[in-house]
Amino acid sequence: MTWPSRRRTASPYDAGRATKGHPVTLGDLDDDALLDALQRAAFDWMLENANPDNGLVADNSDDGAPASIAVVGFALTCWPVGVARGWMDRNRALALTLATLRFFTHAEQGGDETGTGHRGFFYHFLDMERGRRVWNCELSLIDTALLLAGCEAASCYFDADTPDEAEVRALARALIASVEWPWALDRGDTLSQGWHPETGFIRYDWEGYSEALILYVLALGSDTHPVPPDSYRAWRVTYQWEKIYGHDTLYAGPLFIHLFSHIWLDFRTIGDGFNREKGITYFTNTRRAVQIQSDYARLNPRGFAGYDANCWGLTACDGPGGAMNTADDTGRQFLEYTARGAPFGPDDGTLAGWAPAAAMPFAPTTAMAALRTMLHRYPGMLRDDRFLGSFNPSLPGEGPEGWISPRIYGLDQGLLVLMIENHRSGMIWDLMRASQVCNTGLRRAGFKGGWLDE
Amino acid sequence: MNKATFDHDSTDPRLELRRNLRPDDWNNPAPAGPYNLVVIGAGPAGLTAARIAARLGARVALIEAGAIGGDCTNIGCVPTKAIIRSGKLYADARRARHFGADAAGETPDPALALQRVRKVQARISRSETAELLKSEGIDLFFGKARFADHRSVRVGDATLRFLRALVATGGVLRPPAIPGLAEIGFETVETLFDRDTLPRRMMVIGGGPLGCEMAQALCRLGVGIVLVHDAPKFLPEEERDAAQLLSESLARDGVQVHLNTTAVSARTTSEGKEITLSTGGDRFAITVDEVLTGVGRVPRIAGLDLAAAGIAADPETGIEVDDFMRTTNRRVFAAGDVCGGHMFTHVANAAARIAVRNALFFGRQRLSRQIIPWCTFTDPEIAHVGLRADQAISQGIPIKTYTVLMHENDRAITDGEETGFVKIRVRQGGDRILGATVVARHAGDMLNEITLAMERRIGLRALSGVIHAYPTQSAAIRTAADACVADRLTPRLRRLSGMWMSLLRRGG
Ligand SMILES: Cc1cc2nc3c(=O)[nH]c(=O)nc-3n(C[C@H](O)[C@H](O)[C@H](O)COP(=O)(O)OP(=O)(O)OC[C@H]3O[C@@H](n4cnc5c(N)ncnc54)[C@H](O)[C@@H]3O)c2cc1C
């Protein structure tokens, strides 16, 4: 089911495709046009899969897929990009944003097994229609943070002195203010990964470098229920500062970890205590993570098909699942949707085709080289110019891509829209500099320098 | 090919083990005067202490309630490592094509593997037999010992007076309290190795070192294994990447892994033993033929009458000792698993040595001065020494880790053993080694070099100057050391060196 099944509006790229004698492939486009085409296609997916009544966006393209609140957060950040790029008019963006914020504002909070949230947090997956918990999923800290980051982006963007835009700001502020972050410390130092109404807190906390940087910034920056700065220090205790393949790096295996918080926060010129001690920004660190992906794929220790310096993308993504035999080795184990990573794995030969495009702001040369190589070799990793979840050329399939994920994921599409935008214009980074909660959170975490000091 | 076996040792290993470690016809000696040292328990700690003391001329009594060798020889290190070896063979055989061989048809034979385990135990028991100990001048008593008062121990009807005593009674397995489990019955390592063959389907509850080792080995021998662990990662003591590589290896071997999962109840059905598991908001049941658990251990202090000798102890943490291995009774020392902490054979040995010196020679040796490594013998092995990164950071020590992937090491590549890494942690800006983790097929052996460096305070850079034979897997340690040396080449030094080079060119 798509919401609403609106046809994609024509882009110059479509026009070029229709008029030329031979079909234009993405690979024929110059860098700017290529990124524009990918960004536009991703944006349209988000729009097509948003429920206009409540702003919920499907987790993926499967029939009947529920909404993921993280994807909603990405979507709220995408709408301003659509307006800026002329892909959506401001009123429509405003209406969709208001529908979203009103839904979450009035959603049932109370920790019911079939409710929507608890103590200001929300369940990870909600049904598209009524917005109630599905799959016995967890009340999710990180996904709530990604949702709230989207609310904050909307409130920074809709800054006009009109009743509707004022309502956006008021609702976003109230949603952020209502989250009882300290409750999720569960009397410990670090934030829990989540909570189930059936069994209580998940026994695993957010510790060590991960996508949860934005979570801590929001939790520290709350003016109603902040967590103490010590929790950020406790989070950093499990940081791994390692020299890997000759790069000094704050290690995290899956690439998305090095991307998610960077959608909103511009780490190019600011640094926390850790950054100052080691002499590296989180931004530069992501660049090194990209290089490690490329180095790992070049060495290709597990001997998977396709891997080389320009063909990588180990991250959280869909997977073939189950035990299958490949030609060279018997009994390999293939994983389902999971966080793959370099250089320690898991690695089952599955690559996310979208990873290089999402890494553009950090390592444009390396990323573009990989994007082009992979597009050329594996055109089937896209459907209607949208990246499918992942592919695995070591497994048999119809084309060179081997196994291909049958679905498109909202997280990937949203990430592409926003990272390509940051690469092209820095729009989200600029927008978020006005965010009070992020500013406060970053300062309480010990960040200084660059735009924070301006 | 001739199928004849070349194993001419046809003694029944069960009989040999019993004859060596717990002879039926043993007569306890008559207690002689006051002993310099009475040792309770003939596991690794007790054996080490008794033998050293006897060699030094002490009059020594050694009391053992069960069989000589303790957990290590009888149910622990020795049998587990032997069965792991059999499992490894089959894991390699499954990759035979990769190495250019056709090993089709080589199916595991659990009965033979178990028979081999007992032969290995018997073989190892030959250097710690009752007769041997007697010939070394030790008064060996079989029976359960308990303290009579501050200066004497009773075993059977005999009372042994001592100047010094060492308690080395080891640990006991502690099965988890899962409703219904006791009723349906389960297997522990105490019973497992005495089986004639292995069950078809088995659930291993607990993903600590022993649970992981056994799950992998038994799975490789053809048992359908479900491994249940109630935390998000295996091996709570190890860092995330090590546990992660292990999870992947276990899955690859075919172990059905359930992390974040708790066993909540057990019952018997017509299909077998049904265990109900709970994870997050979900509950489901899995049926197996046998359950292996009791992989957690606690100190064994029951029945010793410690109070009679004024020795303080806690059921969870064991006998209270100071850094010199002395208990609250100043004449009595303790060593090994009974003191809790790191429950390993090599720690038991080290503590026993320290205890003997301090007990008999007024020594002032401290256990805390010892660098303690350990290894989990899964494939790949996971070996660890010193501080983890998070431990160093919590102590406010800025650290840097030099990481070398085994897939960067030539020998690991030639041997098709590329899974793993060497991580050596040093104080940032320096080269003092604070800790290391090695994950590799032979990680336990590789680690010893790093432990040596730490013990002798050899810096990481110095290891870079030690020539390592090529190609060897332990050369990965040197590669890490090289990276540490290279880090010294600051931009300023590099500029200076560049200037020197151009000077040379001009001169030439
Ligand atoms: C399955 C398994 C695998 C293991 N693998 C390893 C490994 O790979 N590496 C490693 O380093 N460690 C390993 N261990 C741990 C290792 O076995 C122990 O740390 C070691 O045996 C401890 O030695 P100990 O002398 O303290 O105690 P034990 O070996 O337990 O010996 C204690 C002895 O005291 C006797 N005793 C107890 N009470 C009395 C009494 N009242 N009177 C007389 N005698 C008594 C017992 O019968 C026993 O023989 C493993 C353990 C298990 C269970």
Side-chain angles (χ1 to χ4, degrees), chain A residues 113 133 135-138 193-199 202-205 207-208 233-234 236-249 251-253 274 277-278 295-296 299-303 323 325 327-335 338-348, chain B residues 91 94-98 230-233 239-242 244-245 247-255 259-260 262 278-283 388-395 398-408 412-413 416 418-421 423-425 428 439 480 483-484 486-487:
Chain A
E113 286 178 22
R133 178 186 189 225
W135 292 344
N136 282 349
C137 67
E138 80 285 13
Q193 296 228 334
W195 177 89
H196 287 93
E198 296 85 0
T199 47
I202 295 176
R203 284 183 30 201
Y204 197 33
D205 282 359
E207 293 174 330
R233 265 190 290 277
R236 283 197 337 219
V237 161
T238 36
Y239 268 24
Q240 293 175 236
W241 178 243
E242 302 191 7
K243 195 172 199 90
I244 300 176
Y245 296 154
H247 311 288
D248 286 328
T249 179
Y251 164 76
F274 171 82
E277 183 182 298
K278 309 296 184 193
D295 290 352
Y296 175 80
L299 294 174
N300 190 13
R302 304 194 192 184
N325 286 345
D328 63 320
D329 199 358
T330 51
R332 291 215 195 219
Q333 191 74 19
F334 293 89
L335 307 163
T338 201
R340 295 164 172 80
F344 302 113
D347 173 17
D348 63 350
Chain B
R94 253 168 246 141
R95 293 180 70 210
R97 287 184 52 75
H98 176 82
D230 64 0
K233 70 174 190 63
E239 65 171 66
R240 181 166 73 159
D241 304 318
Q244 138 70 30
L245 278 175
S247 295
E248 241 188 311
S249 297
L250 290 172
R252 192 177 169 140
D253 281 324
V255 174
L259 290 169
N260 269 327
T262 318
S278 158
T279 177
D282 297 326
R283 258 170 197 247
R388 285 193 311 260
D390 60 306
Q391 290 168 327
I393 295 171
S394 321
Q395 293 175 24
I399 63 151
K400 173 156 183 181
T401 302
Y402 290 91
T403 302
V404 176
L405 279 300
M406 289 311 290
H407 64 240
E408 297 178 86
I413 298 172
E418 295 182 53
T419 306
F421 56 77
K423 289 194 193 196
I424 305 179
R425 293 176 276 273
Q428 167 131 351
V439 179
C484 184
D487 262 3

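What you see below is based on every heavy atom in this structure, not just the backbone, and it leaves out hydrogens, waters and symmetry mates. In what follows, every chain begins at residue 1, and chains take the letters A, B, ... in the order their sequences are listed. A quick note: this is a predicted structure, and the numbers were derived from the prediction, not measured.
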Exercise for review: Against chain A, label B:Q391 side chain, backbone, both or neither, depending on which of its atoms sit under 4.5 Å from a heavy atom there.
Suggested key: neither
Review point. So which part of B:I413 gets closer than 4.5 Å to some heavy atom of chain A, the side chain, the backbone, both or neither?
Key: neither
Revision key, fill the gap. Note: vs chain B, highest number of non-hydrogen pairs under 4.5 angstrom among A:E138, A:E113, A:E242, A:E207 is A:E242
Exercise for review: Can you tell which part of B:Y402 gets under 4.5 Å to a heavy atom of chain A, answering side chain, backbone, both or neither?
Suggested key: both
Review point. Any side-chain donor paired with an acceptor under 3.5 Å for A:Q240 and B:D390?
Key: no
Review point. Under a 4.5 Å cut-off applied to non-hydrogen side-chain atoms, are A:L299 and B:L405 in contact?
Key: no
Study note, to complete from the structure: In this structure, OG of B:S394 is separated from CZ of A:R236 (nearest 0.5 Å) by 12.5 Å
Exercise for review: Give the C-alpha distance, both sets of side-chain angles, the deciding distance and a yes or no for side-chain contact (heavy atoms from CB on, under 4.5 Å) between B:Q428 and A:K278.
Suggested key: CA-CA 9 Å; B:Q428 167 131 351; A:K278 309 296 184 193; 2.4 Å; yes
Check your understanding: Does any N or O in the side chain of B:E248 come within less than 3.5 Å of the main-chain N or O of A:D348, such that one atom is a donor and the other an acceptor?
Key -> no
Practice item. With a 4.5 angstrom heavy-atom cut-off, could you sort out which part of B:D230 is near chain A: side chain, backbone, both or neither? Key: both
Study note, to complete from the structure: All heavy atoms of B:D282 vs all of A:N136, minimum pair found to be OD1-ND2, 3.1 Å
**Study point:** Heavy-atom pair count under 4.5 Å with chain B, highest-scoring of A:P346, A:G246, A:G194, A:G208
**Key:** A:P346
**Study point:** Nearest-0.5 Å distance, NZ of residue A:K243 to NZ of residue B:K423
**Key:** 15.0 Å
Point to revise | Engaged part of A:Q193 at the chain B interface, taking heavy atoms whose separation is under 4.5 Å | key: neither
**Study point:** Beyond-backbone contact of A:Y245 with B:E408, side-chain heavy atoms, under 4.5 angstrom
**Key:** yes
**Study point:** Proximal component of B:R240, with respect to chain A [non-hydrogen, under 4.5 Å]
**Key:** side chain
Check your understanding: Between A:E277 and B:K400, is there a side-chain N and carboxylate O pair less than 4.0 Å apart?
Key -> no
Review point. If you look at every heavy atom in A:P343 and B:H407, which pair is closest and at what distance?
Key: O-CE1, 3.9 Å
Review point. CG of B:N260 to OH of A:Y204: how many Å apart, nearest 0.5 Å?
Key: 9.0 Å
Review point. At a heavy-atom separation under 4.5 Å, does A:Y296 approach chain B through its side chain, its backbone, both, or neither?
Key: side chain
**Study point:** Which portion of A:E198 sits near chain B, non-hydrogen atoms under 4.5 angstrom
**Key:** side chain
Check your understanding: Which bit of B:P232 comes within less than 4.5 Å of chain A, counting heavy atoms only: side chain, backbone, both or neither?
Key -> side chain
Practice item. Quickly, which of B:T401, B:T403, B:D241 forms a side-chain contact (heavy atoms from CB on, under 4.5 Å) with A:Y251? Name it, please. Key: B:D241
